[in-house]
Structures are given as structure tokens and as C-alpha cells.
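The first residue of the sequence shown is numbered 1, and numbering continues consecutively from there. Both backbone and side-chain heavy atoms feed into the values below; hydrogens, waters and symmetry mates do not.
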Amino acid sequence: MKKSLFYLLCLAQLPLFAQTGANLTRYVKPIIGTQKMGHTYPGATVPFGMVQLSPETDTLPYEMNGKYNPDVYKYCAGYQYDDKTITGFSHTHFSGTGHSDLGDFLIMPTTGALQLNPGTATNPESGYRSTFSHQSEVAEPGYYKVKLDEYNILAELTASNRVGFHQYTFPKTDQAHIVLDLMAGIYNYENKNVWTFVRVENDTLITGYRQTNGWGRTRFVYFAMSFSKPFYRYGQKNYAHDVYRGFWGKFDQAHNFPEMAGKQVRAYFDFKTTEGEKIKIKFALSPVSTEGALQNLRTEIPHWDFDKVKADAQALWEKELEKINIKLASDDDMVSFYTAMYHAFLSPTTFMDVDGAYRGLDQNNHMAKGFTNYTTFSLWDTYRALHPLFNVIQPKRNADMVQSMLAHYDQSVHKMLPVWSHYANENWCMTGYHSVSVIADAVIKGNAPFDANHALEACVNTARYKLYDGLEYYMQMGYVPEDKNSSSVSKTLEYAYDDWCIAQMAKKLGRNDLYEEFIKRSANFKNVYDAGTGFMRPKMSDGQFRKDFDALTTINQGFIEGNAWNYSLYVPQYPKEMIALMGGESKFIPHLDSLFTMHLPDAFFAETEDISRDGIIGNYVHGNEPSHHVAYLYNWTKQPWKTQERVRMILKKMYHVGPDGLGGNDDCGQMSAWYIFTTLGFYPVCPGSDQYALGSPAMEQATLQLENGKTFTIAAKDQSEKNVYVQKVVLNGRALTQPFISHADIMNGGELTFYMGAKPAKKNYQ
């Protein structure tokens, strides 16, 4: 679809000037971010829901000819906007990640001759996939609809927390099929399925489970599947070439046999339909058992009223979106803002049954007592802005997320907090130990209805686990040597920041011994700064900087998903000290200016799939997280007006309402959280402190509905596209003299007013 047509469809029926506080779901366009690098999915889910029921548009494998297939990267969320076919609808997805897993239990309705192979995009008739058009596609919070052109079937999806609800409107046919593909998955490869098991309980109820070995190494998902109409025939095909099959050969397992098991199974269920007849499916998930899945199904959706489930899902979204009522200048901006809120509230995801049962990291079953257990912790991304956002407008959920992390720690044989975890698995992806940042941020900001001393113990033990990713060298030498452990500079900088977070917790809890230990470690960033080049630089185990060094290159230079230009500015715990180290303001400000104005040739990021031209402004890489605080660093100089200028420019260039409207992976809501904070006019440069740096609000007025019953209102007087510079800031009648506010300023309620103008007010914070 041409972008102009997409734009018209997005904004259909919206008022010219949007009003706040009513039917905010109409501004959410889940299709944003589904093209190029956003890696979002358009399907149906509820806030923080365990089920993410969404279409898959291709079946690219993770490997080809024994090597990684780079084309699979486009399918981290299973869906790419440019594709022309749909292979089916599966129940689990990540939003915005740069690696993937999941895609469990794919369902595809078909008619005509039964086909159990998905076929190919170039020849969809060779399998069960179908062509589709974006003109028949509707994606809303909690609801997805599309016409499967190959079969003249209207597919509609909605969901509760743990149950996906399908509604398929069939033509008249004696050959209607529901295919249940237990082989399909995201980032799939031949041996990813360890085992699948299916029981046909009766002619409307199916139960089973799937075990996979992927990003999550030992992952179990259980299900219960209920049909609104009895099927009259069913069967399966097992595509595995098993050497040993026992004595099951005495049965015809392919047809009407009520037990299916194997590594590569596809099942089907047959119906006869009249014109316009709807076949509905309720598909419940559980991390524990089929019994748990069935209990989830019967508890959450005990009826067959599809429209009620859709309305309930959208009511849940409306409730969450109303936590911020905002007035923006255009409908485009309203769409961008509330879609960002939607994306920010997709994960972490619920990971327990309705009775509190969940599978733990130790692969045993546990009960969550007094908290909701969550999973999907993309912490290298989300500690920066998403969890701080939750501490403002989702504090109860964030506290539960911390308790989920502590449960992970308690069950860990390593006694480590999560690094990047999902579905009772630690996948060890990315660097740092940023659970520490999330926990410290909650403790420092007074959102800690858990055992804070136990949390401190967990943070300390995590930071002392010498087997983890160069930590042994870091503790011995004060830095990670590049010849002993790669991405060494990133690790050193991130460990130093996390150590500062531990020190802040220890200080608040009266543990001066731990404070002294970790505040000393927090200064280790100095050990990888090279005054000769003016950049952070990889250092070898002999104490010398590595000779081969290129500050622009993103690969094999001691950094992960970034170059020295961007990562050298990553000292969020000590901005003033970093500026002094780099030569003071007179040198630092021109250096920071040049980051945004210089040109980074494609050759310098050609070898990384996580950085693309779409997410770059000059040499500033907004499409990847290590730079997200950088524009706010001017606030620690005498030119804070440059922060105001830069953040408004980034908002405009990196976010828009098209399907390619995100300048990089949304990364479980981090890109969206940056947008929300920055639009409101402040940002948590250093989570673990109670301070927010002020920017330039890109709205007229916003009211935050806080869980403590208070409201915090932000107003921008004389707001316009040209008036990006802050002339004065007043908090509850008091003019601010510094470009910062505290967490307490927000949580106590009140009003923050920005007075805007077209020219920098160079002494507005003096």
C-alpha cells in the first residue's frame, strides 16, 4: 500500500483536533513499526498479556546450509509489512526485539484440498498459506482482522490475558480445515522442536504442550484448544524421521487417532460449513500444565461471545492509556503518542496461571504469592526508560516485575539476577547486569514493597559472580581486557554504571561497607578512557590500549551495537566527571555537537544488523539504545538549550505514523518509552537516581493519573513547531534554576509549566 493510502486509513474518522480522555484506543495503530526495523507485531493482545495472537507472514529458517540466515532477522516479530502472504496465526510473540523465539501453536484456516505444508511466498498455492491485502486488514488494540484471499475466509482475532480467541468466517464448503502447526516457530530451525504432544479429549477440546530448544534453551508451553463446533474428522502428519518408533505402528496414527506426539507434527481438524458460518476457537496457554491451560480458558473466557472479549480487551487498553491524558497539536502526534504507550505496555508479559502457578528458572513449578509473575525481560534495553516510566505510571506492576526478578535469582543455580530472560529461561543475551538498575531505581524512588535487603543481596551477588562475561577480570583489574573478553569497553562502562546503582541502594539501606565497595567500582569507566584520542578505547590485559582502533566502526572495536563515538558518552552516573575527563565544556560541547552533524558512512555499520540508516542522525544512533540519553547531556553544561533543540529534532525524524514509523527496533518498549518521556519534557538519564533531566515538551498539556491518587500536570505555554526553546520553567509556582526535577516532584502531584519561545534563552537556568 502506498504511504499516502496508509495515512488516510490510519486517520479515518479521527477529529481534526483530538480531545483527551475519551476513546484513546482509536489513536493506537499497532501496524506502526511492522515495516523495516521496528520488529513490532500487529496482532491481538491485552496489556502485559501472556498471549500475543498475531499473524506470521513467512517461514524463513534461522539457518541455511549450516550457516545463519541473515534474512530471518526481519521476522523477529513474525510479521513484515511488505510481505504478501500470511502463513497463519500463532500465540506468542516478542515486540521489537533484535533476536527472537516463540511463534508457538500456529493456526491456519483453509478450504479445499487439505495441505499441511506452508508453501512458499512466491508460490503460495503450493501450501496452506494465503495471499492478503492491507486494504482488508484492521489492527487495533486487542483486535486484528484480515481477509485470507486464497480461501475467502475472514479471520478475526482477540484475546484475554491467557487466552487467544479466533473467529473464522467460512464460505459454504464440505472441505473446511483448521490446521494446527506444531512445527512452526520464529527463528526456527530443524531441531528446535524437542517434543510436541497432543490429546484429542473430545470432538471440541484439544490439549497438549510444546518443548523447544531455542533462545530459551529449555522452554515448555502448554495449551488447551476449544472449538465452538464439533469437528467430524481429524488427523496428523509427523515429518520427523525417527529411527525408533516403539510399537505404535499397530495403530493408524495419521487418521482419527486421539494421541499425537513427535518432534515435527502438524495436525488438522475438518468441518462442513454453510455460507458465512463462523468457527470460533479459544486457545489458552499455561507455563505449567494442560490442566492449568484449561483452568485459564474456563476462568477468563467461559462463553463464546467474540465481541464481548474484544470489548473487554479494548476496555483494558483504554484504562491503561488513560494514565496519561495529553493534548497534542495534530492527529499524527496523538497517534504516535498513544501507539508509543501501547507498545510500552506490551511487555514484560504475564507468566503464571490464574491461580498463580508458574514454571521457574529451576524448571520446577512455583506459586506467585502476593505478586504477578512476569517474564520477557529485555533489560539491556528497558532499564533505560521503560522501567523508569513504569515507576511513574505503573508502579505496582514494576514492583511485581522486581519480585519476579528476585524469584529468578532465588531459583538460579548461579545466584544471578536476570540478564535477558523469558519463559523460565535465562538466555544471557547482551551485556551488563541491568536488573540491578531496575531494582535500584525502584528502591531509590520509594517503590519497593518487597524485601529491599534481600534485593540488595541479589544485586551484590550478581555483581560478584566472576564467571559472568569478563567480571573476574573487571574485579581484578578495574576493566575488562579486550584480549580476554570481547565487547570489553561496553562491559566495563555498563558494569561501572550498575555498580553505582548498587552503591545508591547500599547507602539508602545503611550498608556503608557495600557502598564503599561499589562506589569505588563505579569509577572504573576512567580506566578505558584514552586521553590521546578522546574516546573510550579497548584496553589489553597488559594495560596498554589496543593499537588497532577506529572510533567510527561498530564491529570488533570493543563495543556492542555501537561505536566509540556513541559509547564514549555512556557514563550516566557521572556526567560532570565525564565532561571534565574529556577536556571540560569548551571541548565537550563541540564534540557533542559534531555527533549530530557529522556523516557516518554506511561502511561503518554495514556488518551489524542492529543499526541501519533509518535510525541514524549524523553519527548519533537513535535506533539503538546506548545513545538514548546523549541529547540530554547538554543539561550538564552551560548550553542546556541545545538539549531542547536536539530532542525535538529527534522526535520529528525518528518517529512517524507509517508502518515504518520507528527508527529502530522498539526493543520491548524502550524506543517508545523514550518517545513518551521526551514528548512530556523530561527523561531519566540515570536510572537509580531520583533525578530527571528536562528537555523541550512536544505537547500543549498532559495530565498523569498517578496510582497514589494524585495528578501531575505538564503544560507548555506558546507551544509550536518553531518554539522549541524553553524560556522558563515553573514547578508549582516556583521558577526552576536548574534543568532538573525529582521523582518526588512528580509523585507529590502538582503542575510543571514550560514557557516556550523561538530563540534559545541562554540564561534560563542560571
Side-chain angles (χ1 to χ4, degrees), residues 9-10 12-13 25-26 28-31 34 41-46 49 51-57 78-79 81 83 85-93 105-111 128-173 176-181 204 225-229 231 269 271 273-285 297 300-318 342:
L9 290 173
C10 265
Q13 301 180 343
T25 57
R26 73 190 188 273
V28 176
K29 304 302 171 188
I31 212 76
T34 60
Y41 60 82
T45 190
V46 298
V51 166
Q52 308 89 34
L53 180 52
S54 190
E56 317 290 1
T57 58
Y79 178 101
Y81 187 82
D83 288 346
T85 65
I86 284 175
T87 63
F89 309 96
S90 62
H91 293 79
T92 57
H93 294 84
F105 308 124
L106 183 138
I107 288 177
M108 184 64 176
T110 69
T111 60
Y128 59 64
R129 76 172 68 208
S130 174
T131 55
F132 78 105
S133 167
H134 292 300
Q135 292 179 334
S136 72
E137 188 178 37
V138 174
E140 300 172 355
Y143 177 68
Y144 178 84
K145 177 173 72 172
V146 71
K147 181 75 172 296
L148 300 174
D149 294 332
E150 208 73 29
Y151 306 112
N152 192 27
I153 294 173
L154 181 66
E156 297 176 273
L157 313 174
T158 188
S160 64
N161 192 333
R162 300 166 178 86
V163 186
F165 200 155
H166 309 239
Q167 179 170 275
Y168 300 118
T169 304
F170 279 84
K172 176 178 171 54
T173 179
H177 316 287
I178 298 291
V179 175
L180 172 61
D181 191 334
T204 61
M225 178 184 187
S226 180
F227 293 97
S228 62
K229 173 181 179 174
F231 46 83
F269 306 91
F271 303 85
T273 57
T274 58
E275 184 66 33
E277 183 176 358
K278 292 178 172 60
I279 294 179
K280 303 177 185 182
I281 302 168
K282 294 185 288 189
F283 201 104
L285 301 183
L297 188 152
E300 291 192 351
I301 310 181
H303 54 79
W304 287 103
D305 188 340
F306 182 91
D307 291 336
K308 182 182 186 314
V309 177
K310 173 187 173 184
D312 289 347
Q314 296 194 325
L316 289 174
W317 277 114
E318 185 70 23
Y342 170 83

Discussion item. Using ring centroids (six-membered ring only for Trp), state whether F283 and H91 fall under 6.0 Å.
Written reply: yes
All heavy atoms of A139 vs all of Y144, minimum pair found to be CB-CD1, 4.1 Å
Practice task
Please report the C-alpha distance between Q167 and T158 in whole Å, then the side-chain angles of each, then the deciding distance to 0.1 Å, and finally whether the side-chain contact (heavy atoms from CB on, under 4.5 Å) criterion is met.
Solution key: CA-CA 9 Å; Q167 179 170 275; T158 188; over 6 Å; no
Output for pair (T34 OG1, Y79 OH), nearest 0.5 Å, gives 5.0 Å
Looking only at atom types and distance, does a side-chain atom of H166 sit under 3.5 Å from a main-chain N or O of I281, one as donor and one as acceptor?
no
Exercise for review: Could you give me the CA-CA distance, side-chain angles and deciding distance for R129 and E56, then say whether side-chain contact (heavy atoms from CB on, under 4.5 Å) is met?
Suggested key: CA-CA 10 Å; R129 76 172 68 208; E56 317 290 1; over 6 Å; no
Taking every heavy atom of L106 against every heavy atom of T87, the minimum-distance pair comes out as CD2-O, 3.4 Å
- Is there a donor-acceptor pair under 3.5 Å between the side chain of E277 and the backbone N or O of K172? no
Heavy atoms of P30 and P141 approach each other most closely as CG-N, 4.1 Å
- Specify whether F306 and F165 have parallel, tilted or perpendicular ring planes, treating 30° as the upper limit for parallel and 60° as the lower limit for perpendicular. perpendicular
Residues 143-169 vs salt bridge (Lys or Arg N to Asp or Glu O under 4.0 Å), sequence neighbours excluded, gives R162-E300
Shortest non-hydrogen pair, G276 vs T169, comes out as O-CG2, 3.6 Å
Looking only at atom types and distance, does a side-chain atom of W317 sit under 3.5 Å from a main-chain N or O of T45, one as donor and one as acceptor? yes
Note to self: Taking D307's backbone N and O only, do any of them form a donor-acceptor pair with Y143's side chain (distance below 3.5 Å, no angle check)?
What the structure shows: no
Looking only at heavy atoms, the pair that brings N152 and P171 closest together is O-CD, 3.6 Å
- Would you check if the side chain of T173 reaches a backbone N or O of T273 as a donor-acceptor pair within less than 3.5 Å? no
Between E318 (side chain) and T25 (backbone), is there a donor-acceptor pair under 3.5 Å?
-> yes
One should read off an interatomic distance between H177 NE2 and F231 CZ, to the nearest 0.5 angstrom, of 14.5 Å
Go through it in stages, so that I can follow the logic: the residues are W304 and S226, the test is side-chain contact (heavy atoms from CB on, under 4.5 Å), and I'd like the CA-CA distance, side-chain angles, deciding distance and then a yes or no.
CA-CA 10 Å; W304 287 103; S226 180; 3.5 Å; yes
Verify whether the ring centers belonging to F271 and F227 lie closer than 6.0 Å.
yes
When every non-hydrogen atom of G43 is compared with those of S54, the smallest separation belongs to N-OG, 3.0 Å
Across all chains, not counting sequence neighbours, the side chain to side chain contact (heavy atoms under 4.5 Å, CB included) partners of K308 are H303, D305, D312
Value for OG1 (T92) from OH (Y41), rounded to nearest 0.5 Å, stands at 10.0 Å
Tell me if a side-chain donor or acceptor on S130 pairs with a main-chain N or O of I86 at a distance below 3.5 Å. no
Distance col, row M225:CE vs F105:CZ, nearest 0.5 angstrom, shows 10.5 Å
Between the CZ atom in F269 and the CD1 atom in I178, the distance rounded to the nearest 0.5 Å is 9.5 Å
Original post:
Parallel, tilted or perpendicular: which describes the rings of H134 and F132, with under 30° parallel and over 60° perpendicular?
Top reply: perpendicular
